[in-house]
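Have a look at the structure below, then the notes.
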Amino acid sequence: MIIADADRFGLADLHQLRGRVGRYKHRAYCYLLTPADRPVTDKATKRLKAIEEYSMLGAGFKIAMRDLEIRGAGNILGPEQSGHISAVGYEMYCQLLEKAVRELNGEVTSVSSDTAVDLGVSGYIPRVRAQRHAPDGGVPAPRGGGQAR
């Protein structure tokens, strides 16, 4: 199969067309051609890279997720319908969306405190222990109930 001006097709269309060739034991090829006389847009380049990257069996879900990242999901709760999913990532977008829906429904939302930071170096942050003050102003007793020295 030869697809001329492949940059003008959507990602789902390209995936469906490519899937029409090669069945069972029969190997087939799908050639995606882009024009030499005009530039290909950044979004079209991303679509073509996604088709190239996800060529294995069962890649439909991954292609759909990439399409969602490229085109954006839109602002589901607002009138402008223009999302910025690529700025925060799909998972964070879903969390933000869920929180916004809960707030609109008047539900109490909590802030998650689980945070991970990967700096690419090993190290540790020492635990900070609250000092226990002896009532008489002396040295606090050591942990474990022993006598202070």
Side-chain angles (χ1 to χ4, degrees), residues 1-134 140-145:
M1 178 182 290
I2 298 172
I3 302 174
D5 291 336
D7 60 316
R8 294 188 174 187
F9 287 82
L11 193 48
D13 295 327
L14 292 172
H15 178 63
Q16 286 294 317
L17 288 170
R18 181 183 63 185
R20 299 297 105 205
V21 297
R23 293 283 189 228
Y24 187 51
K25 295 186 277 184
H26 307 287
R27 178 174 281 197
Y29 298 92
C30 178
Y31 295 96
L32 305 176
L33 305 178
T34 56
D37 61 338
R38 65 177 164 78
V40 176
T41 66
D42 289 339
K43 283 189 176 185
T45 301
K46 289 179 182 178
R47 288 193 304 267
L48 294 170
K49 289 283 186 195
I51 284 293
E52 180 182 12
E53 182 179 347
Y54 299 118
S55 60
M56 72 293 279
L57 183 64
F61 179 74
K62 290 184 180 188
I63 287 177
M65 294 306 295
R66 181 61 60 87
D67 192 37
L68 186 61
E69 289 174 7
I70 292 170
R71 293 186 309 131
N75 186 347
I76 297 171
L77 301 176
E80 56 274 351
Q81 293 295 312
S82 61
H84 299 285
I85 194 168
S86 61
V88 296
Y90 180 72
E91 187 174 334
M92 175 61 81
Y93 182 82
C94 287
Q95 290 173 5
L96 292 171
L97 178 62
E98 181 181 356
K99 182 179 182 218
V101 169
R102 288 179 189 267
E103 287 175 356
L104 286 173
N105 288 333
E107 297 177 25
V108 178
T109 58
S110 63
V111 178
S112 176
S113 62
D114 294 337
T115 304
V117 178
D118 184 7
L119 302 175
V121 296
S122 28
Y124 73 97
I125 299 173
R127 286 196 122 153
V128 178
R129 295 184 180 175
Q131 285 189 335
R132 294 179 297 158
H133 296 284
R143 295 202 182 264

Item to check | Where Lys43 and Ile70 come nearest, the two heavy atoms and their spacing | outcome: CE-O, 3.9 Å
Next on the checklist: Which heavy atom of Tyr54 sits nearest to which heavy atom of Arg66, and what is that distance?
Outcome noted: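 Closest heavy-atom pair between Tyr54 and Arg66: OH-NH2, 3.0 Å.
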Whether over 12 other heavy atoms sit under 6.0 Å from [X] [atom1]:
| X | atom1 | value |
| --- | --- | --- |
| Arg38 | CZ | yes |
| Met92 | CE | no |
| Asn105 | CG | yes |
| Asp118 | CG | no |

Checklist entry - Please walk me through it: do Cys30 and Leu17 pass side-chain contact (heavy atoms from CB on, under 4.5 Å)? => result CA-CA 8 Å; Cys30 178; Leu17 288 170; 5.6 Å; no
Using atom types as modelled, flag every donor-acceptor pair under 3.5 Å from a side chain in residues 45-53 to any protein atom, sequence neighbours excluded.
residue : atom : partner : partner atom : Å
Thr45   : OG1  : Thr41   : O            : 3.0
Arg47   : NE   : Phe9    : O            : 3.0
Arg47   : NH2  : Asp7    : O            : 2.7

Checklist entry - Can you tell if the side chain of Glu91 reaches within under 4.5 Å of the side chain of Gln95, non-hydrogen atoms only? => result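 Side chain of Glu91 against side chain of Gln95, heavy atoms only: contact under 4.5 Å found.
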Item to check | Atom pair NZ (Lys62) and NE2 (His15), whose distance is rounded to the nearest 0.5 Å | outcome: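 The distance works out to 12.5 Å.
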